[in-house]
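See structure below.
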Amino acid sequence: MLLTVEPSLHPHSHPTPILQQTSKSAGTQYWAASWGLSAQSSTMHTLVFLSTRQVLQCQPAACQALPLLPRELFPLLFKVAFMDKKTAVLRELVHTWPFPLLSFQQLLQECAHCSRALLQERLSTESMQAVILGLTARIHAREAEAGTQPVCRKHTLRVLDMTGLLDDGVEQDPGTMSMWDCTAAVARTCIAQQQVGTAKPGLSPVPVEIRVDLRVNRASYTFLREALQSSVDSLLRLCCRDLRAEDLPMRNTVALLQLLDAGCLRRIDLRFNNLGLRGLSVIIPHVARFQHLASLRLHYVHGDSRQPSVDGEDNFRYFLAQMGRFICLRELSIGSSLLSGRLDQLLSTLQRPLESLELAFCALLPEDLRFLAQSSHAAHLKKLDLSGNDLSGNQLTPFQGLLQAVAATLLHLELTECQIADAQLLATLPTLTRCASLRYLGLYGNPLSMAGLKELLRDSVIQAELRTVVHPFPVDCYEGLPWPPPASVLLEASINEEKFARVEAELHQLLLASGRAHVLWTTDIYGRLAADYFNL
């Protein structure tokens with residue numbers, strides 16, 4: 001049985017719906033006919049969803065009706081209004097939201113009434129701005145009420161959670177809002193609210209906490225710092241869940257970290273900062289104060305362990321000591337950093353086993369791989385990234401041992417540019433296919449032939465959970481490759497498009513023949529295929 005709005009409700013009449021129960025078949029046929037839809041197409045959504053969409057066609061009438069509607073309908077009203085860019089209704093929904101929490105992750109995901117997951121898309125700029133305007137209007141209204149009547153806290157909005165927005169890094173679309181745009185919009189709102197002023201002590205309404213994932217670079221640092229400072233005593237409290245700072249000077253990074261709430265922060269991601277061990281030793285104590293941090297991502301931590309200096313050794317020991325302060329760390333990414341022969345020192349300082357470890361372009365040695373295979377981390381790893389480490393020579397056997405150690409838990413394996421040719425792949429397949437839960441395999445930039453890819457496809461049939469394989473352009477599709485081909489050549493050289501078209505067709509046929517048409521085999525390394533650790 002499904003709930004539906006009475007058919008007598010006209011989109012331009014005053015929308016005070018009467019809810020009744022109706023059978024699925026009769027209700028579906030009636031509403032499909034009245035809206036010019038076939039019964040088959042209307043089954044994409046429930047009748048409640050279709051009724052809600054119809055009610056919101058006339059936005060002024062819908063806004064007037066909100067106080068008369070059951071609060072249980074507000075979550076679906078929000079999703080439909082957001083999806084259809086009903087900005088006036090969105091503003092009013094936020095203004096009158098009857099629950100303590102308004103969470104994008106809860107409201108914009110796939111639900112019982114609509115299979116569309118909006119958080120997997122770039123969100124509409126119009127809809128995002130409408131939510132922010134509705135929040136601002138709510139705060140101003142509460143400030144005005146606070147001086148004349150007691151604040152009702154029972155149904156007061158306390159948290160607006162805007163985390164989890166898609167951050168795909170693809171080209172900008174003026175009609176959608178990127179993570180950078182969202183950071184700027186929320187920051188401007190917090191600054192504007194502080195400039196307006198706050199209510200008198202004792203009369204102030206309940207502050208609203210805005211939870212966001214913040215992205216900052218040199219251009220946006222100043223106003224984001226101002227927003228964080230402004231929100232401390234404001235009615236809009238800015239709370240960062242995930243912070244990503246790109247190409248930010250060391251002093252600015254430290255200043256920003258000092259403004260963040262340790263109770264909210266889940267991830268710190270410092271990119272392209274070229275810190276070096278000396279710079280890292282300055283920043284790491286400010287990072288380590290977030291003892292409940294779950295994910296730490298550091299890139300380009302240069303320091304050549306093969307030519308150690310006294311200062312470098314002191315800085316590295318200090319870094320290790322600070323890493324031992326984290327009590328909840330589950331993901332560690334140290335990309336493009338020289339860790340040759342030192343992985344044991346790094347991982348041994350951690351208080352708990354990791355579930356995600358990214359060591360891309362870290363010049364790992366065989367002893368590093370052997371240590372990881374024998375460590376407590378191996379039995380817990382869900383995600384492993386060894387991209388850019390040469391696994392073709394002496395590292396191959398230790399790598400196979402590592403694969404065997406992580407086989408029971410591994411979901412995501414990234415091996416881009418690891419110099420894996422057919423011989424290494426074929427030798428590794430018996431171990432690789434023991435990873436029964438593997439969902440994603442990344443092999444881009446490796447010198448594999450069509451014959452090697454076909455062997456991989458055939459053998460991976462037994463991996464029932466596998467959904468995505470990002471494979472290289474086969475070496476058969478290049479002209480005049482040097483052997484072994486450097487990764488730079490594989491990434492930059494031109495391919496014969498006709499040959500590759502035949503390769504794609506053959507792979508597709510093999511997938512169909514093996515009943516694995518649902519598995520995506522692609523050369524697209526820039527798509528949204530690699531899963532974030534928190535989404536595994």
Side-chain angles (χ1 to χ4, degrees), residues 167-172 217 246-247 269 271-274 297-302 304 333-340 358-365 384-396 399 412-428 432 440-457 468-508 520-531:
D167 185 23
D168 55 9
V170 298
E171 64 277 0
Q172 296 299 303
N217 56 16
E246 294 190 5
D247 195 25
D269 186 347
R271 301 188 181 194
F272 317 120
N273 296 288
N274 290 310
R297 304 176 66 85
L298 304 169
H299 301 271
Y300 294 96
V301 182
H302 295 294
D304 195 340
S333 175
I334 301 192
S336 300
S337 306
L338 291 171
L339 291 175
S340 304
E358 300 182 9
L359 299 168
F361 299 92
C362 285
L364 298 181
L365 300 177
L384 179 62
D385 186 349
L386 298 176
S387 297
N389 293 285
D390 188 347
L391 301 178
S392 64
N394 294 334
Q395 286 93 333
L396 182 61
F399 168 63
H412 187 108
L413 178 61
E414 189 68 72
L415 301 173
T416 297
E417 296 182 45
C418 288
Q419 292 298 309
I420 299 174
D422 288 359
Q424 289 80 32
L425 178 63
L426 295 178
T428 306
L432 178 62
Y440 174 98
L441 176 61
L443 289 169
Y444 194 84
N446 288 289
L448 295 171
S449 70
M450 181 56 181
L453 291 179
K454 289 195 290 186
E455 285 295 327
L456 172 62
L457 191 151
T468 304
V469 176
V470 180
H471 64 86
F473 294 100
V475 292
D476 318 58
C477 297
Y478 294 87
E479 302 292 344
L481 275 181
W483 197 264
S488 59
V489 173
L490 291 175
L491 297 178
E492 297 173 6
S494 299
I495 64 165
N496 185 310
E497 294 186 5
E498 290 184 6
K499 288 183 178 180
F500 182 63
R502 291 195 294 270
V503 166
E504 283 191 307
E506 188 172 355
L507 289 175
H508 180 64
L520 175 64
W521 278 60
T522 179
T523 56
D524 180 12
I525 60 172
Y526 299 108
R528 302 190 296 269
L529 301 175

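In this chain, numbering begins with 1 at the start of the sequence shown.
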For Leu432 and Leu456: C-alpha separation, side-chain torsions, deciding distance, then whether side chain to side chain contact (heavy atoms under 4.5 Å, CB included) applies.
CA-CA 10 Å; Leu432 178 62; Leu456 172 62; 4.1 Å; yes
Criterion side chain to side chain contact (heavy atoms under 4.5 Å, CB included) on Leu507 and Met450, from CA distance to verdict:
CA-CA 9 Å; Leu507 289 175; Met450 181 56 181; 3.8 Å; yes
Apply side chain to side chain contact (heavy atoms under 4.5 Å, CB included) to Val503 and Cys477, showing your working.
CA-CA 9 Å; Val503 166; Cys477 297; 3.9 Å; yes
If the condition is side-chain hydrogen bond (donor to acceptor under 3.5 Å, both in side chains), which residues does [X] pass it with, not counting sequence neighbours?
X      : value
Asp385 : Ser387
Ser392 : Asp390
Glu504 : none
Glu414 : Thr416, Tyr440

Listed by chain and number, what are the ring-ring contact (aromatic ring centres under 6.0 Å, His included) partners of Tyr478, not counting sequence neighbours?
none
Under the ring-ring contact (aromatic ring centres under 6.0 Å, His included) test, which residues partner Phe473, sequence neighbours left out?
Phe500
When the side chains of residues 480-496 are checked against the rest of the protein, which donor-acceptor pairs come out under 3.5 Å, sequence neighbours left out?
| from | atom 1 | to | atom 2 | distance (Å) |
| --- | --- | --- | --- | --- |
| Asn496 | OD1 | Glu498 | N | 3.0 |
| Asn496 | OD1 | Lys499 | N | 3.1 |

According to side-chain contact (heavy atoms from CB on, under 4.5 Å), who are the partners of Asn446, at least two apart in sequence or on a separate chain?
Cys418, Ile420, Leu443, Leu448
Just jot down the salt bridge (charged side-chain N to carboxylate O under 4.0 Å, His left out) partners of Arg297, sequence neighbours excluded, or say none.
Asp269, Glu331, Glu358
Kindly determine whether Glu506 and Lys454 satisfy side chain to side chain contact (heavy atoms under 4.5 Å, CB included), including the steps that lead there.
CA-CA 9 Å; Glu506 188 172 355; Lys454 289 195 290 186; 3.0 Å; yes
Flag the pair Leu426 / Glu455 as yes when at least one side-chain heavy-atom distance between them is below 4.5 Å, and no otherwise.
yes
